Amino acid sequence: MRQHDKLFIGGEWVNPAGTGTVDVISPHTEEVVGRVPDGTAEDMDRAVAAAREAFDHGPWPRMTFAERAEVIARLAAIYNERQSEMAQLITEEMGSPITFSNLAQAPQPLGMLQFYAELGRTFEQEEQRPGVFGPITVRREPVGVVAAVVPWNVPQFVTMTKVAPALLAGCTIVLKPAPETPLDAYLLAEWAAEAGVPAGVFNVVVAGREVGEHLVSHPGVDKVAFTGSTAAGRRIAAICGEQLKRVSLELGGKSAAIVLDDADLASSMGFLSMASLMNNGQACVAQTRILASRNRYDEVVDAVAGMVKAQTVGDPADPATGIGPLVARRQQERVEGYIKIGMDEGAKVVVGGLDRPYDKGWYVAPTVFAGVSNDMRIAREEIFGPVLAVIPYEDEADAIRIANDSDYGLAGTVWTADPEHGMDVARQVRTGTYGVNCFMLETNAPFGGYKASGVGRELGPEGLNGYLEYKTISRLG
């Protein structure tokens with residue numbers, strides 16, 4: 001078992017203020033695999049004070065972008081050497097299939113570090129522009145102390161969408177990992193210290209919701225970067241609005257995959273399985289609404305059912321596993337509750353249902369619903385599990401209407417034999433990321449959502465902007 005009895009604050013491993021602990025439980029075995037201190041408000045105060053001191057008086061914000069980039073590059077080199085260790089740890093603590101952990105849970109955070117390290121080598125702090133009365137200097141400065149509040153589903157991916165650009169910008173950070181998945185954050189803290197990130201620049205305190213809200217509302221925090229549920233995002237936005245505090249929010253999704261009539265179903269399902277079921281369905285970008293024309297509806301339902309049936313459900317540490325357990329018992333019960341809701345709404349279970357695959361572990365049967373209308377709850381609310389709804393459409397315009405008829409706008413795909421036509425469809429769907437015959441998140445391109453899916457963008461050069469303040473200096477003579 002991985003036992004941690006200290007917090008990472010001010011560049012040191014320090015004793016917590018309280019005596020409470022958080023047990024990390026394997027979703028597969030239901031056994032305790034780790035234990036960390038349960039942070040208190042006093043611990044958060046210490047972490048913010050350390051970050052504040054490092055920002056107000058330390059070297060980090062006063063270094064050049066290129067100098068900070070070199071430190072980030074050292075962290076990336078350590079990450080690169082030990083990324084398999086990180087992947088295995090995330091599989092252990094949250095049940096992500098090891099194949100997905102090796103594909104995304106560790107390599108994509110590494111890619112972000114490498115991207116921002118490279119960007120920083122040539123990024124200019126000041127830009128000269130001509131003005132009406134004289135030269136103008138546009139200066140980029142760090143926003144300050146950042147509270148990074150992250151969820152449990154892709155803990156390192158989400159952490160790095162915040163930490164990597166914040167570090168490059170010159171910010172200092174207090175990271176609050178989810179209580180379900182704190183172990184990867186501890187490993188990252190070890191690597192940050194080894195890479196030479198100065199004391200107080202990166203701090204880690206694991207805590208629950210109440211202490212997390214204390215961090216968000218702390219007067220020493222200049223910006224909050226949050227990923228999680230839309231409901232929690234609204235609460236955080238309200239707090240930050242009251243304080244006029246900078247905030248970025250990456251929230252929920254209910255993404256639609258539009259299967260056009262000319263799509264090759266065999267090849268489409270091969271890619272759609274990852275787009276819709278990645279990480280056991282616990283992904284905000286998952287394509288959980290499958291839109292099929294009435295002309296091919298039964299055929300698409302059969303293809304989706306076959307794709308789901310082909311998934312091996314089991315031990316997430318087994319490379320053969322496609323779908324593992326959900327992160328916690330409450331998540332298992334939540335997803336099963338939605339399956340029951342779908343059945344009560346009159347949708348037809350084609351695959352899966354309420355019979356659990358195993359007696360032990362927080363498993364849910366991967367489920368496909370047919371006969372779904374877009375006004376059903378299973379089509380409108382984010383389930384966050386391996387549950388897919390196949391929805392019929394009349395024509396292409398109707399498919400685009402259904403895709404857009406959602407409170408969310410985070411992701412989406414279109415599947416077609418004509419990629420150029422797929423681009424035309426992509427331009428009409430109001431969502432932040434989109435794929436034509438694929439779905440992926442690129443480290444050099446912005447990621448974020450429309451509508452209730454969030455505020456702001458992460459990744460790419462655009463992701464750096466959220467951690468910068470722009471100062472205009474005019475002068476005569």
Side-chain angles (χ1 to χ4, degrees), residues 100 103-105 107-112 115-116 119 150-151 153-162 164-165 225-230 233 248-260 263 268 271-279 281-291 380 382-384 388 399-416 419-466:
F100 184 77
L103 177 70
Q105 295 275 23
Q108 286 197 316
L110 168 61
M112 293 178 219
F115 173 81
Y116 285 108
L119 179 65
V150 302
N153 62 323
V154 279
Q156 277 293 294
F157 176 93
V158 175
T159 293
M160 212 56 73
T161 62
K162 296 154 181 53
F226 172 75
T227 295
S229 73
T230 297
S248 56
L249 305 169
E250 193 270 289
L251 307 176
K254 193 68 179 178
S255 301
I258 300 174
V259 182
L260 297 182
S268 296
F271 291 101
L272 189 58
S273 62
M274 175 61 73
S276 61
L277 296 170
M278 69 176 84
N279 202 30
Q282 298 169 127
C284 54
V285 296
Q287 320 287 297
T288 55
R289 290 187 296 154
I290 314 296
L291 310 189
R380 303 206 69 81
E382 187 175 39
I383 298 174
F384 228 60
L388 308 181
I400 294 168
R401 179 194 65 78
I402 293 171
N404 285 329
D405 180 17
S406 174
D407 294 334
Y408 300 103
L410 189 59
T413 52
V414 61
W415 305 86
T416 175
E420 287 301 317
H421 181 63
M423 289 294 294
D424 293 336
V425 173
R427 294 183 179 101
Q428 298 177 69
V429 179
R430 290 183 53 77
T431 189
T433 52
Y434 208 81
V436 178
N437 295 328
C438 66
F439 184 79
M440 61 190 70
L441 298 177
E442 301 282 2
T443 57
N444 65 346
F447 168 61
Y450 290 31
K451 300 182 279 188
S453 287
V455 176
R457 291 295 182 270
E458 297 177 315
L459 302 181
E462 294 82 359
L464 179 59
N465 288 334

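Since the model is a prediction, treat every value here as computed from it, not as a measurement.
Every residue meeting the side-chain contact (heavy atoms from CB on, under 4.5 Å) condition with A411, not counting sequence neighbours, appears here in chain and number order: S255, V285, Q287, T433, F439. T431 meets the side-chain contact (heavy atoms from CB on, under 4.5 Å) test with V429, Y434; sequence neighbours excluded. The side-chain contact (heavy atoms from CB on, under 4.5 Å) search around P151 returns N153, V158, T227, not counting sequence neighbours. Scored by the side chain to side chain donor-acceptor pair (under 3.5 Å) test, S268 finds no partners at all (sequence neighbours excluded). Residues passing the side chain to side chain donor-acceptor pair (under 3.5 Å) test with T230, sequence neighbours excluded: none.
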Return all side-chain donor-acceptor pairs below 3.5 angstrom for residues 457-466, not counting sequence neighbours, or 'none' if the list is empty.
| unit_1 | atom_1 | unit_2 | atom_2 | d |
| --- | --- | --- | --- | --- |
| R457 | NH1 | G449 | O | 3.2 |
| E458 | OE1 | T161 | OG1 | 3.4 |
| E458 | OE2 | T161 | OG1 | 3.4 |
| E458 | OE2 | K162 | NZ | 2.7 |
| N465 | OD1 | Y470 | OH | 2.7 |

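Side-chain N or O atoms of S453 include one that pairs as donor or acceptor with a backbone N or O of G252 at under 3.5 Å. Counting only distance, with no hydrogens or angles, the side chain of E382 and the backbone of G253 share a donor-acceptor pair below 3.5 Å.
Put simply, CD1 on I258 and CD1 on I402 are 8.5 Å apart, with the number rounded to the nearest 0.5 Å.
Residue pairs that meet the side-chain hydrogen bond (donor to acceptor under 3.5 Å, both in side chains) test with at least one member in residues 399-411, sequence neighbours left out, are N374-D405, R380-D405, D398-R401. For the salt bridge (charged side-chain N to carboxylate O under 4.0 Å, His left out) condition, the pairs that include at least one residue of residues 425-436, sequence neighbours left out, are D424-R427.
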**Request:** For Q105 and N279, run side-chain contact (heavy atoms from CB on, under 4.5 Å): C-alpha distance rounded to whole Å, both residues' side-chain angles, the deciding distance at 0.1 Å, then the answer.
**Result:** CA-CA 9 Å; Q105 295 275 23; N279 202 30; 3.4 Å; yes

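Classification of the F447-F157 ring pair by plane angle, with boundaries at 30° and 60°, yields perpendicular.
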